[in-house]
Amino acid sequence: MPLALAERSTLIAPSATLAMAAEAKRLKGQGIKVLDFALGEPDFDTPANIQRAAIRAMESGQTHYTPPAGIPELRSAVAEQYSKSQGLPTEAAQVVISNGAKHSIHNALMAVCGPGDEVIIPAPYWVSYSDLVKLTGATPIVLETTEASGFKLTPTQFLAAVTPRTKLLMINSPSNPTGVVYSRGELEALADAVLTTDVGVLSDEIYEQLTYGDVQPTCFATLRPGLADRTITISGVSKTYAMTGWRIGWSVAPVSVSKFMGDLQSQETSNPCSISQWAAVEAIAGPQDAVVTMKAEFARRREYVLQRIEGLPDVHCLPPGGAFYAFMNVSAHFGRTLGGKAITDSTSFCLTALAQAGVALVMGSAFGAEGFARLSFATDMKTLEQGFDALDRFLRD
Ligand code: PMP
Ligand code: GLU
């Protein structure tokens, strides 16, 4: 008899973003030219000062197990950043360092959700949210938002979805995949609604430093007195410092939640990589000029992307206020034939664009929003130029 999988194995699908990126890589491996906009991962090298900090860590013997919740130096650096820059008084004991923000989200959900619980997730949502919720045994309650309302959850929508089982609301501003940034006023209104209930909040703020023009990010937990007692804030170094491969993310939560998350890590992964943790200390506490340079480059690409989308036939997109994604509405092409294939939904659109035009995008359905295709502009200008040329030809076919 083959070894039977646990029932849990039916609950999740592989991450669609990683799957599209893997498919693009497979085609490239066969010598096929692929213009790859699938993955949300900065194309820049990790800044040199951070790399050097990692080398220093290795050379000075920082190559052993660390405390499960992270080295005190990094937990303190994160706590200090929240206390000073975000206006959220934070103790190091509230901070847990994990193997990337995805791991932080998983551990946070494991800490507070279980069978019978419901978790409200506004769609479009980042691919992993609903599957990570399902893994805890809880039920994702997906609330659709529309392009017309700026892809924003309203307090009325939230309150209408709350039941005695609702445990958490997950929010993500700046958002992956839409780039939407809620204004402070909009988040205050949501915070007020949350405070009339017993619901907690998981606020994924990983793109907090990547906003454009006069758009400002908001740290949700700071908005109202008492909110920090029921909020888990998630962030990390992956996006801001081009450190996706180093796998360092963190959570800031009430001490009891953080204590459990640290205990969980002590049983499941022991600790995040010691060398990466020292690199992250340098990222946070060291010079920030590389961040300014990368952000300026993202802003330049964003302008270019918006201008090119305007020129694409029957495609439009809400200008992203943050992150590095354009969430393109491609639904006008459904029911047509492109590249000799019938286009019926975002999956057939993206698969045909990849096969016929060599352009890798991610289907909106992976983010709980049919009708869209996500383009990541965390890639160089030349690839963007060639990609839009190819997409333009494909759509006019
Ligand atoms: N949250 C969001 C919204 C993301 O886009 C990502 C993408 N990586 C993550 C969390 C996870 O980040 P990390 O690479 O640090 O696990
Ligand atoms: N967050 C990135 C994305 O959405 C990385 C992929 C992933 O972690 O799934 O593309």
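Counting starts at 1 for both ligands and their atoms, in listed order.
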Participant: Looking at Arg308 and Asp389, is there a salt bridge between them, counting it only when a charged N and a carboxylate O are closer than 4.0 Å?
Facilitator: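 Yes, this pair counts.
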Participant: Tell me whether the rings of Phe151 and Phe327 are parallel (<30°), tilted (30 to 60°) or perpendicular (>60°).
Facilitator: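 Perpendicular, since the angle between the ring planes exceeds 60°.
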Participant: To which protein heavy atom is atom 8 (N) of ligand 1 closest, and what is the distance rounded to 0.1 Å?
Facilitator: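 Among all protein heavy atoms, the one nearest atom 8 (N) of ligand 1 is Lys239 NZ, 2.7 Å.
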Participant: Scan side-chain atoms only and decide if Gln288 and Tyr241 contain a donor-acceptor pair under the 3.5 Å cut-off.
Facilitator: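 Note: Gln288 and Tyr241 side chains meet the donor-acceptor criterion.
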Participant: Considering only heavy atoms of Lys239, which atoms of ligand 2 have at least one such atom less than 4.0 Å away?
Facilitator: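 Those atoms are 1 (N), 2 (C).
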Participant: Is there at least one pair of N or O atoms, one from Gly40 and one from ligand 2, spaced under 3.5 Å apart?
Facilitator: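 N/O-N/O distance below 3.5 Å exists for this pair.
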Participant: Yes or no: does Glu41 have any heavy atom under 4.0 Å from an atom of ligand 1?
Facilitator: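 Judged by the 4.0 Å heavy-atom criterion, Glu41 does not count as contacting ligand 1.
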Participant: Mind checking whether Tyr207 has an N or O less than 3.5 Å away from an N or O of ligand 1?
Facilitator: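 Yes, since at least one N or O of Tyr207 sits under 3.5 Å from an N or O of ligand 1.
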Participant: Is it the side chain (CB and beyond), the backbone, both or neither of Met20 that lies under 4.0 Å from ligand 2, heavy atoms counted?
Facilitator: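 The answer is neither.
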Participant: Using a heavy-atom cut-off of under 4.0 Å, does the side chain or the backbone of Tyr325 touch ligand 2, or both, or neither?
Facilitator: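 Tyr325 to ligand 2: side-chain contact only, backbone stays beyond 4.0 Å.
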Participant: Closest non-hydrogen protein atom to atom 6 (C) of ligand 2, residue and atom name please, with distance?
Facilitator: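 Here the closest protein heavy atom is Thr17 OG1, 3.4 Å.
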Participant: In the protein, what heavy atom is nearest to atom 10 (C) of ligand 1, and what distance, to one decimal place, separates them?
Facilitator: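 Ranking protein heavy atoms by distance from atom 10 (C) of ligand 1, first comes Trp126 CZ3, 3.3 Å.
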Participant: Which residue and non-hydrogen atom of the protein lie closest to atom 8 (O) of ligand 2, and at what distance in Å?
Facilitator: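 Looking only at protein heavy atoms, the one closest to atom 8 (O) of ligand 2 is Lys102 NZ, 3.1 Å.
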Participant: Can a donor-acceptor pair be found, under 3.5 Å and without considering hydrogens, that links the side chain of Gln157 to the backbone of Thr154?
Facilitator: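 Flag set: sc Gln157 to bb Thr154 pair under 3.5 Å.
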Participant: Going by the order shown, which atoms of ligand 1 are within less than 4.0 Å of some heavy atom of Arg247?
Facilitator: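 Here the atoms of ligand 1 in question are 13 (P), 14 (O), 15 (O), 16 (O).
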Participant: Can you report which non-hydrogen protein atom sits closest to atom 2 (C) of ligand 1, along with the distance?
Facilitator: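 Nearest protein contact, heavy atoms only, for atom 2 (C) of ligand 1 is Asp204 OD2, 3.3 Å.
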Participant: With atoms numbered from 1 as shown, which atoms in ligand 1 lie under 4.0 angstrom from a non-hydrogen atom of Gly100?
Facilitator: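 Those qualifying, in numeric order: 15 (O), 16 (O).
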Participant: I'd like to know whether CD of Gln30 has more than 12 heavy-atom contacts from other residues, nucleotides or ligands below 6.0 angstrom.
Facilitator: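 Check passes, neighbour count above 12.
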Participant: If you measure from each heavy atom of Glu41 to ligand 2, is any distance below 4.0 Å?
Facilitator: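 Flag not set, Glu41 not near ligand 2.
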Participant: Parallel under 30°, tilted from 30 to 60°, perpendicular over 60°: which one fits the rings of Tyr129 and Trp126?
Facilitator: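 Plane angle over 60°, so perpendicular.
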Participant: Could you tell me whether Phe377 and Tyr304 have their ring centroids closer than 6.0 angstrom?
Facilitator: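 Judged by ring-centre distance (under 6.0 Å), Phe377 and Tyr304 do not meet the cut-off.
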Participant: Tell me whether the count of non-hydrogen atoms from other residues, nucleotides or ligands lying under 6.0 Å of NZ in Lys134 goes above 12.
Facilitator: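 More than 12 within 6.0 Å, yes.
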Participant: State whether the shortest distance between N or O atoms of Ser238 and N or O atoms of ligand 1 falls below 3.5 angstrom.
Facilitator: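 In this structure, Ser238 places an N or O atom under 3.5 Å from an N or O of ligand 1.
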Participant: Do any nitrogen or oxygen atoms of Tyr129 lie less than 3.5 angstrom from nitrogen or oxygen atoms of ligand 1?
Facilitator: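 Such a contact does not occur with ligand 1.
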Participant: Number the atoms of ligand 1 from 1 as they appear, then name those within less than 4.0 Å of a heavy atom of Asn176, with their elements.
Facilitator: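 Answer for ligand 1: 3 (C), 4 (C), 5 (O).
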Participant: Locate the shortest heavy-atom distance separating Val237 from Ala283; write the atom from each residue and the value.
Facilitator: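 The pair with the smallest heavy-atom distance is CG1-CB, 4.3 Å.
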Participant: In plain terms, say whether Arg56 and Glu59 are close enough for a salt bridge, that is, a side-chain N and a carboxylate O under 4.0 Å apart.
Facilitator: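 Answer for the salt bridge query: no.
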Participant: Which heavy atom in Ala326 sits nearest to a heavy atom in Ile309, and how many Å separate them?
Facilitator: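 Looks like CB-CD1, 3.7 Å.
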Participant: Output yes when the distance from some N or O of ligand 1 to some N or O of Ile105 is under 3.5 Å, and no in every other case.
Facilitator: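 Ile105 vs ligand 1: no N/O contact under 3.5 Å.
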Participant: Applying the side-chain contact (heavy atoms from CB on, under 4.5 Å) criterion to Leu168, which one of Asp117, Thr231, Leu109, Val201 satisfies it?
Facilitator: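 With Leu168 as partner, side-chain contact (heavy atoms from CB on, under 4.5 Å) holds for just one option, Leu109.
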Participant: What atoms of ligand 1 come within less than 4.0 Å of a heavy atom belonging to Asn172?
Facilitator: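 With Asn172 as reference, the close atoms of ligand 1 come out as 3 (C).
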Participant: Heavy-atom contacts under 4.0 Å between Asn176 and ligand 2: side chain, backbone, both, or neither?
Facilitator: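 Only the side chain of Asn176 comes within reach of ligand 2.
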